[in-house]
Amino acid sequence: MVGNLITQQSRFAVVRFPNNGEGQEFKFDRIPDLDHNNILITGIEAFNSDQLTKSPDGATVVSPTGAKGLTVTLFDENGVSFVDNMPVQNYVRSANGGFVPLIADLKISLPLCRVKINDNSDVSVNETVCFMIYFQYQMPEQNLANV
Amino acid sequence: MTSFFRRRIVGDYTAPPGRKSKLVFLLPKATVTASTLLFFDPDPELNGDQLKGLAVLSSANLSEIIVGNETKTLNNSDGFTGGVIELRTRRNELLIELPLSVLVPENVNGLPQLVYVKDLDWSNCRVKFFDGGTITVNDALVFRVFYNG
């Protein structure tokens, strides 16, 4: 069998760039639905303006060339990074054969996660980069060590 | 990887997402803007846990379609970058939100969007737009849905 992500639950996650200085890091907006402690992240996907021209709040989404100047770092519930400075473009589905990058058995701490501007050539002030967080609810009886 | 399949985190994209498939339509009453909201007609066959996959058809695969007495055109894949589909439960709780553009097969290497939902109410599902675009009253948004029914 050859697999791709099955979407059970998904929510937008947005990072805004109030300025565009190279080397600066910006945090994700809070998503109340992901604050619960029984959320297991199953995948993450990034969008540039080829997939989504405006973010949910109406801000302009960064261009594909702009996205190539960005990296993302993700932290788990213990504050330990499990993805460190991954190019945002690596999370764009259309740039990866249509596959959604999978994340297994981790609870994300979104307030700690951040996006870094490495190259601001095509990143404008007040632009955003959008992500989709895919997740499922962990059932009380679910023992991940046995699956 | 086996546990990923068992836990329905991943599915075999080489197999049909569902036993059946059909087209469903959304017909804008005006050119879409950043505040346009379009609801699907009720469809009991898609309620509950029956929906298994989704795709948005573009003009690359179907140029026009007859809906009732009207002929509607389909947008090219660039026309969907302002819209997002929301799948919701009977209690109107949000399950899944996805940009329309990633549901267009030619944008994602032909891979279908697999979903696993419970308690879905198709009549609560909708497409909302964050940005205006090229979709007009002469167009139809055409979804191919895979379901077990």
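Below, read A as the first sequence line, B as the second, and so on, with proteins coming before strands; counting in each chain starts at 1. In what follows, every heavy atom counts, from backbone to side chain, and hydrogens, waters and symmetry copies are set aside.
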### Task
Calculate, to the nearest 0.5 Å, the distance between atoms CD and CG belonging to B/E64 and B/N138 respectively.
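Atom-to-atom, B/E64:CD and B/N138:CG are 10.0 Å apart.
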
### Task
For the pair B/R91 and B/D119, find out whether any cationic side-chain nitrogen is under 4.0 Å from an anionic carboxylate oxygen.
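Counted as a salt bridge, because a side-chain N and a carboxylate O are separated by less than 4.0 Å.
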
Under 4.5 Å from any heavy atom of chain A - which part of [X]:
X      : answer
B/L100 : neither
B/L114 : both
B/V104 : neither
B/L98  : both

Show every donor-acceptor pair shorter than 3.5 Å between a side-chain atom in residues 127-134 of chain B and any protein atom, with sequence neighbours excluded, or say none if there are none.
from: B/K128; atom 1: NZ; to: B/E86; atom 2: OE2; distance (Å): 2.6
from: B/D131; atom 1: OD2; to: A/T53; atom 2: OG1; distance (Å): 2.7
from: B/T134; atom 1: OG1; to: B/N75; atom 2: OD1; distance (Å): 2.6

### Query
Does A/R16 have any side chain to side chain donor-acceptor pair (under 3.5 Å) partners at least two apart in sequence or in another chain, and if so, which?
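In terms of side chain to side chain donor-acceptor pair (under 3.5 Å), with neighbours along the sequence ignored, A/R16 is linked to A/D29, A/D57.
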
### Task
Tell me yes or no: between the side chains of B/N107 and B/S101, is some donor less than 3.5 Å from an acceptor?
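No.
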
### Message
Do B/S58 and B/N76 pair up side chain to side chain, a donor and an acceptor below 3.5 Å, judged on atom types alone?
### Response
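The criterion, which ignores hydrogens and geometry beyond distance, is not satisfied for B/N76 and B/S58.
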
### Query
Between A/F135 and A/Y137, is the gap from one ring center to the other below 6.0 Å?
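Yes: the rings meet the under 6.0 Å criterion.
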
### Query
Which of parallel (below 30°), tilted (30 to 60°) and perpendicular (above 60°) describes A/F131 and A/F28?
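Plane angle between 30° and 60°, so tilted.
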
### Message
Out of B/V117, B/L87, B/V115, B/V84, return the one with the most heavy atom pairs under 4.5 angstrom to chain A.
### Response
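Maximum pair count with chain A is reached by B/V115.
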
### Max heavy-atom pair count under 4.5 Å with chain B, selected residue of A/V61, A/T42, A/L52
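Of the options given, most contacts go to A/L52.
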
### Most chain B-contacting option - heavy-atom pairs closer than 4.5 Å, from A/S55, A/G43, A/G58, A/C130
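That would be A/S55.
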
### chain B contact residues among residues 82-96 of chain A, heavy-atom distance under 4.5 Å
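So the qualifying residues are A/R93, A/S94.
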
### Message
Side-chain heavy atoms under 4.5 Å apart, restricted to Ile/Leu/Val/Met/Phe/Trp/Tyr: what other residues fall into the cluster of B/L27, or is it alone?
### Response
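B/L27 clusters with B/L23, B/F25, B/L57, B/L62, B/I65, B/V67, B/L74, B/V142.
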
